[in-house]
Amino acid sequence: MGLSRRALLRGAAVVGATVGLPAAGLAGYVWTTTRRSNVGRVSFDRPLAIPLLAAGVRGADGRLLVDLRLQSGRTELLPGRQADTWGINGSYLGPTVRVTRGDVLAPRVRNDLPEATTLHWHGMELPAECDGGPHQMIRPGALWQPAWRVDQPAATLWYHPHPHGRTKEHVYRGVAGLLYVDDGEADGLLPDDYGVDDIPVIVQDRNFTRQGRLDEDGIAFGGLSVTGLLGSEILVNGVWGPVLDVRTERVRLRVLNASNARIYDFVLDHGRGFHVVAGDNGLLPAPVPVDHLRLSPGERAELLVELRPDERVRLQSRPPDLDANLAVDRLAGGADEFDILELRATPSLRPAPPLPVALPAPPRLAPPLAGRRERVLRFGDFLIDGRAMDLSRIDAVVPLGSTEIWRLRNDVGTPHNFHIHNAAFEVLDVAGRPPGAAWWGRKDTVYVPPDTEVRLLVQFGAYPSPTRPFMFHCHLLAHEDAGMMGQFVLVPPGTDPRVVAPPPVVDHTSPHHD
């Protein structure tokens, strides 16, 4: 499949230059059928839904107990039409789980879906047995009860399923939610009234049938699909054509790209600027003024937008620069543009505190010890280092407390990105150039352009286990499900690699009882 697909893409990229009519015909087909846009055809007249805050309860031992029920249902995603969907504590998406650094979080995850699945805490530092990767499968009718102490800086994280080979379907159907970590360091500096001036913005692209049902056609990776499914409609918090009524002079948008494969380049209409104050895994050292921001699947950013009374401002996605050739750029969504969310200021706005000059960002990561080797990962169409994912294989052994340099080499013309579980990193450079100021903070997911090397300075979490693995993978979900994923274990320094055992493929969970 890979060679023939590459040949087709090369032919299309030539756009009829000296390769003959078949290539020109393919190029014309690619050019005319792959551009998607909703600009000018969406009526922004539906209130933006704000996910409920999860109702946590303190147990007798001080743990924060949060009930999360994975369930199926029906949801009006397009106006007047119902779709079969999945969600958490509801029919689509899930509540925002909010925790404070130092809490012991103890979610009780019930799987009432018709398929086995998992729930992964994306961006969280935690023990491997609590991570919710493909080794912690939850059978239908079963209850999973992990627990861990939250010990990381304030950040906007999220949770979603991670069953190997089926992640793309489970996320696409609606199983996802936000997870806020607070630490008190930025109190009073940034808008923090949830749902009023601190707004969750979960952005997803979807395709629909004429009846308004979710269309999963083309959700896998293969043929001329270089990324998996790209949708023509945009949902924000599950709403099509959403409007946010703004009552304050400044609003904080916590933006999550929860799409399967689409890469967005967020802008405000009329070229208006905004400030980035946080990335995936924490605050930036100071607000960064920008006029656009690219986010690949799984990435998050916190934006500050200022408004005047009675003003209407639209959050949009312009065609993203994917650094790909002409054909791949079109096939991967590089020509697509969308209206995302309309902000409507009320006639009278509550004053906002001054824009902070500095923010309490986490400290910079320490460089690795002298002589520590760098890890090099080579990306193919859907392979890492030429190998597909094997749940019984450990691909890397990392000493506890390590800071390492990882070199990600995308050796093909296909866009990828990269996420590491139980780790945070700083982007050192992209194609040898330092990243923009908006990416100076800690991250856990990063875009890796075609034919490009990205270097990361990676710091791992504090939970060793020679037999329980964490994952690293492309977060374009069709790539991940096709095998673009590997496993590593964290071990105490000096551990003999021979004691690192292949992990059990499935954890057994017991049926729950109401």
[X] side chain vs [Y] backbone, donor-acceptor pair below 3.5 Å:
X: Glu169; Y: Glu216; value: no
X: Asn417; Y: Ser296; value: no
X: Asp205; Y: Gly231; value: yes
X: Asn410; Y: Val448; value: yes

Donor on one side chain, acceptor on other, Thr156 and Glu302, under 3.5 Å: yes
Exercise: do Trp144 and Gln136 side chains pair donor with acceptor under 3.5 Å: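 No, Gln136 and Trp144 have no side-chain donor paired with an acceptor closer than 3.5 Å.
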In terms of side-chain geometry, is the basic nitrogen of [X] or [Y] positioned less than 4.0 Å from the acidic oxygen of its partner?
X: Arg409; Y: Asp411; result: no
X: Arg300; Y: Asp444; result: yes
X: Glu115; Y: Arg173; result: yes
X: Arg387; Y: Asp385; result: no
X: Arg294; Y: Asp265; result: no

Centroid separation His421 to His473 less than 6.0 Å: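 Distance test on ring centres: under 6.0 Å, yes.
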Residue from Val489, Ile420, Asp131 passing side-chain contact (heavy atoms from CB on, under 4.5 Å) with Phe470: Asp131
